[in-house]
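The structure appears below as structure tokens.
Counting starts at 1 for both ligands and their atoms, following the listed order. For this chain, numbers begin at 1 and follow the sequence in order.
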Amino acid sequence: MTTNLMNNWIGGQLTPSSSPSTLYVNCPLDGRILAQVPLSNAADVDSAVRAAELAFTGWSKLPIKERAQIFFEYRKLLIEHQDELAQLVHEENGKTIDEALAEVKKSIEVTEFACALPQLTAGEIMEVSRGVECRTEFCPLGVVACITPFNFPNMVPNWTIPNALCLGNTMVLKPSELVPMSAMRLAELLKQAGLPDGVFNVVHGGKDVVEGLCDHPQIQAISFVGSTKVAKLVYVRASAHLKRALALGGAKNHLIVLPDAHLEMTANNVTASMAGCAGQRCMAASAMVGVGDVDPVVNRLVEEARKIVPGMNLGAVISQAAKERIERYIDEAEAEGAVVKLDGRGVKVPGFENGYYVGPTVIDHVKPEMKIAREEVFGPVLSIMRTKTLDEAIDIENKNPYGNAAAVFTQSGGAADYVRERASAGMFGVNIGVPVPREPFAFGGWNDSKFGVGDITGKSSIEFWTKAKKTTRKWNAEARSNWMS
Ligand code: NAD
């Protein structure tokens, strides 16, 4: 079979990798081969970094208002091409078209934030003493690198591209080798928007490229989004090379449900959070902790989950290996005594028999010490734990090592605040199952869900992608006055 061997994107051109290693890219919906992606090497990384370095001088010298114009244009192109971009995400990632479109719309929103960066980064200036002024300005870092996961092929690269570039940096992106195609389309649209060649580069591959980026002496900062295991490796390796690093990791998000929770709203939210994007979201609800009698909510959410049908309103998971891993978690939970109330194992979608589908799964009476309660499953699987008191529920949430998101479902403002103050998570929802902050609020978790200071989007990203220059100047020539006078 002949399949299209993809290229890297270096200096604004399609550039073949110098590595002979490749990987097939499969469509999760039906297993069909979509492309062949190169597993690039350190020489490819070096070419991309050199192109980015070359472009940095001209790009960083442009006034930020000029750079922002390109992102106004990029935003327009994302809107014009949103259906095509969503189709690409649908094919390479396996999520539904609606979910893919929502992802592209989020990319548009973060690009809008970048368009506002000239206003947001207007420096401070003040006369701190007679005739003496201090001013702050935000300077770009240089060449930066971004490493992204498979679950949002369009949105996660866009968490960093518009902000880091508009702030004057140049970039090498390493997308997930499982979903390499969206990043190439973004590269084309950026060029079409007027981005100078070399400002944005894409190097495909896996571990070797990531290590090459962490080790490369000309890369100033690295952002990573992916599993906790790799986030730790990248954070440690990049920091050891004295780079600025921000590494977002995996998650195990707990939704605490109180008996007074609104029945329909809670059931709908918990189900949508668990099954959206086939559970492959770092913000997905994978654990519900019911306090007291929450049987009505559990029964209702099982009813809701039954309406979620693989191949219709539920997409595929990323690979056959992922499907098998998710089903193993369900097998083990059942063997340990949990009750599978809705079973998504072994589903086949007619006409898409080679696709990687797992149906919505609800497992009740899970105990906190079970593997399924402790680890990230990353599939459309909800584990329900039961406690007698709210403090026990909070204790379960606090003890899990992750800290991306948590939520509470209740009609009591006091109870909601009680949980909010005690939850050990960076993003918190009150009667919201997927509490993703909208721009300009920043995205980022706590604990093992993030390593490094600050968040990846919003105002926090300005500090990550720039260094502040503080100037103190005096034009007053009075001989006896010093800068403190
Ligand atoms: P992953 O960690 O397997 O891969 C992420 C990136 O790291 C990819 O580009 C991959 O090529 C690279 N990589 C993989 N193994 C590596 C290794 N040993 N050394 C160096 N690089 C390596 O993650 P994934 O499976 O693509 O994505 C799913 C994970 O990402 C989940 O854990 C999910 O929770 C997490 N995620 C987190 C956030 C967040 O904001 N915290 C957002 C999206 C996804």
Side-chain angles (χ1 to χ4, degrees), residues 21 23 25 28 37-40 42 45 92-95 103 106 110 145-160 172-180 182-183 202-215 222-238 245-253 276-287 317-319 321-322 325-326 356 375-379 400-405 425-427 434-437 442-452 454-458 460-461:
S21 309
L23 193 74
V25 179
V37 65
L39 296 175
S40 306
V45 170
E92 66 174 347
N93 169 276
K95 63 181 69 173
E103 168 171 355
K106 184 68 195 175
V110 293
C146 300
I147 301 153
T148 54
F150 78 79
N151 63 333
F152 285 92
N154 188 300
M155 179 191 77
V156 173
N158 275 313
W159 276 355
T160 55
V172 180
L173 172 75
K174 200 228 58 88
S176 165
E177 63 276 38
L178 304 177
V179 294
S182 290
V202 180
V203 178
H204 293 293
K207 188 169 183 271
D208 288 350
V209 176
V210 172
E211 293 182 350
L213 293 168
C214 290
D215 298 352
I222 297 217
S223 80
F224 171 90
V225 181
S227 63
T228 290
K229 185 180 129 220
V230 185
K232 284 183 184 168
L233 292 172
V234 168
Y235 186 74
V236 168
R237 194 160 179 145
L246 182 63
L248 275 61
K252 186 86 197 167
N253 305 314
C277 297
Q280 299 178 123
R281 283 191 291 199
C282 64
M283 295 295 279
S286 55
V317 297
I318 190 67
S319 62
R325 190 199 68 238
I326 296 162
Y356 319 129
E375 297 183 7
E376 182 177 39
V377 177
F378 226 51
N400 100 87
Y402 298 102
N404 219 35
M427 293 171 278
V434 185
V436 174
F443 188 100
W446 288 2
N447 311 331
D448 277 4
S449 294
K450 193 190 71 190
F451 306 97
D455 291 319
I456 201 158
T457 61
S460 194
S461 71

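- The atoms of ligand 1 that sit less than 4.0 Å from any heavy atom of N404 are 41 (N).
- When C282, P180, G205, C146 are checked for heavy-atom proximity to atom 38 (C) of ligand 1, C282 turns out nearest.
- Scanning all protein heavy atoms for the shortest distance to atom 2 (O) of ligand 1 gives S227 OG, 2.6 Å.
- When hydrogens are left out, the protein atom nearest atom 12 (C) of ligand 1 is V210 CG2, 4.1 Å; that is the closest non-hydrogen contact.
- The shortest separation from a heavy atom of F152 to ligand 1 is not under 4.0 Å, leaving the residue out of contact.
- Distance remark: protein heavy atom present below 4.0 angstrom from atom 23 (O) of ligand 1.
- In this structure, the side chains of E211 and L233 stay at 4.5 Å or more apart for every pair of heavy atoms.
- Contacts between W159 and ligand 1 below 4.0 angstrom, taking non-hydrogen atoms only, involve the side chain exclusively.
- In the model, E376 has no side-chain atom that pairs as donor or acceptor with a side-chain atom of S286 under 3.5 Å.
- Proximity annotation for atom 43 (C) of ligand 1: of N151, L173, T148, I147, N151 comes nearest, heavy atoms only.
- Of all the listed residues (R237, K450, E177), E177 holds the heavy atom that lies closest to atom 10 (C) of ligand 1.
- The side chain of E376, and not its backbone, has at least one atom closer than 4.0 Å to an atom of ligand 1 (non-hydrogen atoms only; side chain from C-beta on).
- Shortest contact from atom 27 (O) of ligand 1 to any protein heavy atom: P149 CB, 3.3 Å.
- Within the 4.0 Å heavy-atom shell around ligand 1 one does not find G445.
- The protein heavy atom nearest to atom 41 (N) of ligand 1 is G249 O, 2.8 Å.
- What sits closest to atom 28 (C) of ligand 1 on the protein, heavy atoms only, is F378 CE2, 3.6 Å.
- For the atom pair OH (Y402) and CG (D448), the distance works out to 7.0 Å, reported to the nearest 0.5 Å.
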Show every donor-acceptor pair shorter than 3.5 Å between a side-chain atom in residues 147-157 and any protein atom, with sequence neighbours excluded, or say none if there are none.
residue, atom, partner, partner atom, Å
N151, ND2, Q280, O, 3.1
N154, OD1, S107, OG, 2.6
N154, OD1, N158, ND2, 3.1

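- Scanning the protein heavy atoms around atom 19 (N) of ligand 1, the nearest turns out to be K207 CG, 3.5 Å.
- Taking atom 13 (N) of ligand 1 as the reference point, the nearest protein heavy-atom neighbour is V230 CG1, 3.8 Å.
- Given atom 35 (C) of ligand 1, the protein heavy atom at minimum distance is G226 O, 3.0 Å.
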